[in-house]
Amino acid sequence: MLEIPRDAVFTYSITEAPDPAFAQSRQLFGALFLNMTKATECRESTSPDGLAEVVIIGLCVDAHGEYTREEIPGIVLNAALDRGIESAYFMCDRLAGKYVVYLNLRGEKRIWGDATCSLSIFYSSNTKAMACGVSECVVADSIGDHSQRNAAAIAANAPSGQPLPCDATSYDHVKVLLPNHILNINEQRADRLWQPLKQTAGKSLEQIADESLVLMRNIYREYERYYDLVCPLTVGYDSRVNFALMKELSNTPECFTFKHPSFTDQTPDLKGARELCCAFRVPHSVVVDCSMNAPEKSRLKALVGRDATSYSLDLASTIKKSFGRRAILNGSVIDQIGKSVTGNDIPERLASARFVRARIYNRGRPALRVLRPYVRSVRNRCKGHVFDVLAWEQDCCRWATQSDITYGMCGVNMLTLSNCRELILGWLSVSRKQRVHKKIHEALLQRLDPQLLTFDFTPESATKRVLRINWLLFYVSCFFYGALVARRSLMGASGN
């Protein structure tokens, strides 16, 4: 039996019986049980007739700044009661944070996640027993099914640290819920829900930037109500936007920069971060990498699964020792979506299963078999935003949240300021060409503090710049680089 660490945060499961692996369990309406660690929170609301319930696990705040955390479950429940389940889902466009929504509407049970499913939802598929939870191992253990016959063929060609394609996991009967999907618990089936934000259509970059800052400021204020925030700072664009919001809104801003083994005092990330903090009189510290001991790594890998890499475990240990329960603001989402790092400015007609496979460095045919229907689904349902949706679901969810699972199990609070569907959908209305040239970041920084644009950003070689700003070269290079990484990974694995 698994034993979840008592200090784990954002860690839960929903099962048919209480799970003794967790510190606490409570019965939900509908004969299911919510299991959580003591450090994981939830808010709930029940209809007057007792036939409908909403439970929100984790941190969920209103980016419009109108509803409190305590009010949000009731607002979601009322939307479901008045207009149906889909309306309740889309009402959550305005919400931000790191959360899971459980809805039981007169016996119809549904689950969905935050904008990027950063609080992961792994779930049982085609099994008699039902379970969902924060990691593939938690769910596989709950349903007592660890079969890997089909899953192993996909995973065999996936390099360490890279996600499996689509909703695949290490287990045949466990899947992961992707953003823009809702889980039908009754039928153990995920359904895509897609509705572009019509309010942003035709708006200029300047209008999108203004509206984005309203949302991001509200999100920051809400996060700061519940957590002591600290900002990791490099000379990249993403962390500089976080830095700008922190120095504007916090009475006690504080930043740090990791000093990895290859770093010196002249490494741009270290030198530039110090100069920024010195110029704006923001406290700054340097955090040196440390390693987690082998027995602890082994224990946590058994809880998390393949998503727990040695690097993420070491980083989680470093953060925990340096900052304890403080919350770290990462630069996810504004990176992948805000800079169009996946699709660049490639024409939509070139979006294919082979391209996605190259981007996750997987050379196997089994990966193509699951990617083809997935990419076809995105093409059919999300026309005009195919590359963006692929980035949203494969990069922001599958790739970026791998480490979030590990951090949570290690007791590290990791939050994202831009984890809000309304914010993301607004950025999708900005052309990918503009985003590749970092126009969203520049517009945000121009409004927050133009002086921040005068400091150096991450140095970029001439080769990288040419590849980044030329979509055709970028497109071709993705296949060559993907094949190279996959080949090196397979050679490394065969040599061990």
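Keep in mind that this is a model prediction, so the values were computed, not measured.
A pairwise comparison of heavy atoms in Val341 and Arg359 identifies O-NH2, 2.8 Å as the closest pair.
Classified by interplanar angle (parallel below 30°, tilted 30° to 60°, perpendicular above 60°), the ring pair Phe256/Phe323 is tilted. Phe455 and Phe280 have tilted rings, their planes meeting at an angle from 30° to 60° on a 0 to 90° scale.
Of the N and O atoms on the side chains of Thr401 and Ser118, not one donor lies less than 3.5 Å from an acceptor on the other residue. For the residue pair Asp345 / Ser340, no side-chain donor-acceptor distance below 3.5 Å is found, with atom types taken as modelled. For Asp395 and Thr342, the side-chain atoms include at least one donor-acceptor pair closer than 3.5 Å. The closest side-chain donor-acceptor pair between Asn419 and Thr116 falls under 3.5 angstrom. Inspection of the Ser332 and Asn330 side chains reveals no N or O donor paired with an N or O acceptor under 3.5 Å. Checked by atom type, the side-chain pair Glu248/Tyr220 shows no donor-acceptor distance below 3.5 Å.
Screening Gln188, His173, Lys175 for a side chain to side chain donor-acceptor pair (under 3.5 Å) with Ser124, the sole residue that qualifies is Gln188. Of the residues Arg106, Arg43, Arg26, the one that meets the salt bridge (charged side-chain N to carboxylate O under 4.0 Å, His left out) test with Glu53 is Arg26.
Lys339 and Asp238 are joined by a salt bridge, as a carboxylate oxygen and a charged side-chain nitrogen come within less than 4.0 angstrom of each other. Checked for salt-bridge contact, Arg299 and Glu3 miss the test: no charged N lies under 4.0 Å from a carboxylate O.
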Derivation of the salt bridge (Lys or Arg N to Asp or Glu O under 4.0 Å) call for Glu254 and Lys247 = CA-CA 8 Å; Glu254 184 178 342; Lys247 79 178 186 64; over 6 Å; no
key: Derivation of the side-chain contact (heavy atoms from CB on, under 4.5 Å) call for Cys137 and Phe122   = CA-CA 9 Å; Cys137 294; Phe122 290 85; over 6 Å; no
request  = Take Thr15 and Ser142 through the test side chain to side chain donor-acceptor pair (under 3.5 Å) and record every step on the way to the result.
outcome  = CA-CA 7 Å; Thr15 52; Ser142 294; 5.7 Å; no
query = Are Glu211 and Lys203 close enough, and set up right, to give a salt bridge (Lys or Arg N to Asp or Glu O under 4.0 Å), and what steps lead you there?
reply = CA-CA 10 Å; Glu211 293 173 2; Lys203 288 188 176 180; 2.5 Å; yes
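By the 6.0 Å and 45° rule, Arg421 stacks over the aromatic ring of Tyr89.
Judged by distance alone, with hydrogens and angles left aside, the side-chain atoms of Arg468 form no donor-acceptor pair with the main-chain N or O of Asn344 at under 3.5 Å. Under a 3.5 Å cut-off, the side chain of Arg447 and the backbone N or O of Ala443 do form a donor-acceptor pair. Checked by atom type and distance alone, the side chain of Asp167 never pairs as donor or acceptor with a backbone atom of Val176 at under 3.5 Å. Distance alone, capped at 3.5 Å, places no donor-acceptor pair between the Arg326 side chain and the Tyr227 backbone. Arg94 places no side-chain N or O within 3.5 Å of a backbone atom of Cys420 that could act as its donor or acceptor partner. When atom types are taken as modelled, the side chain of Thr416 and the backbone of Ser418 share no donor-acceptor pair closer than 3.5 angstrom. When atom types are taken as modelled, the side chain of Trp392 and the backbone of Asn180 share no donor-acceptor pair closer than 3.5 angstrom. Between the side chain of Glu71 and the backbone N or O of Thr68 there is at least one donor-acceptor pair closer than 3.5 Å. A donor-acceptor distance shorter than 3.5 angstrom exists from the side chain of Gln394 to the backbone of Cys166, with no hydrogens or angles considered. Looking at Thr40, its side chain does come within 3.5 Å of a backbone N or O of Thr11 through a donor-acceptor pair.
The environment of Lys301 atom NZ is dense: over 12 non-hydrogen atoms of other residues, nucleotides or ligands sit within 6.0 angstrom.
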Scan the side chains in residues 404-414 for donor-acceptor partners under 3.5 Å anywhere in the protein, sequence neighbours excluded, and list what turns up.
unit_1 : atom_1 : unit_2 : atom_2 : d
Asp404 : OD2    : Lys98  : NZ     : 3.2
Asn413 : ND2    : Arg325 : O      : 2.9

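Legend: salt bridge (Lys or Arg N to Asp or Glu O under 4.0 Å) pairs involving residues 110-138, not counting sequence neighbours, sorted by first then second residue: Glu108-Arg110.
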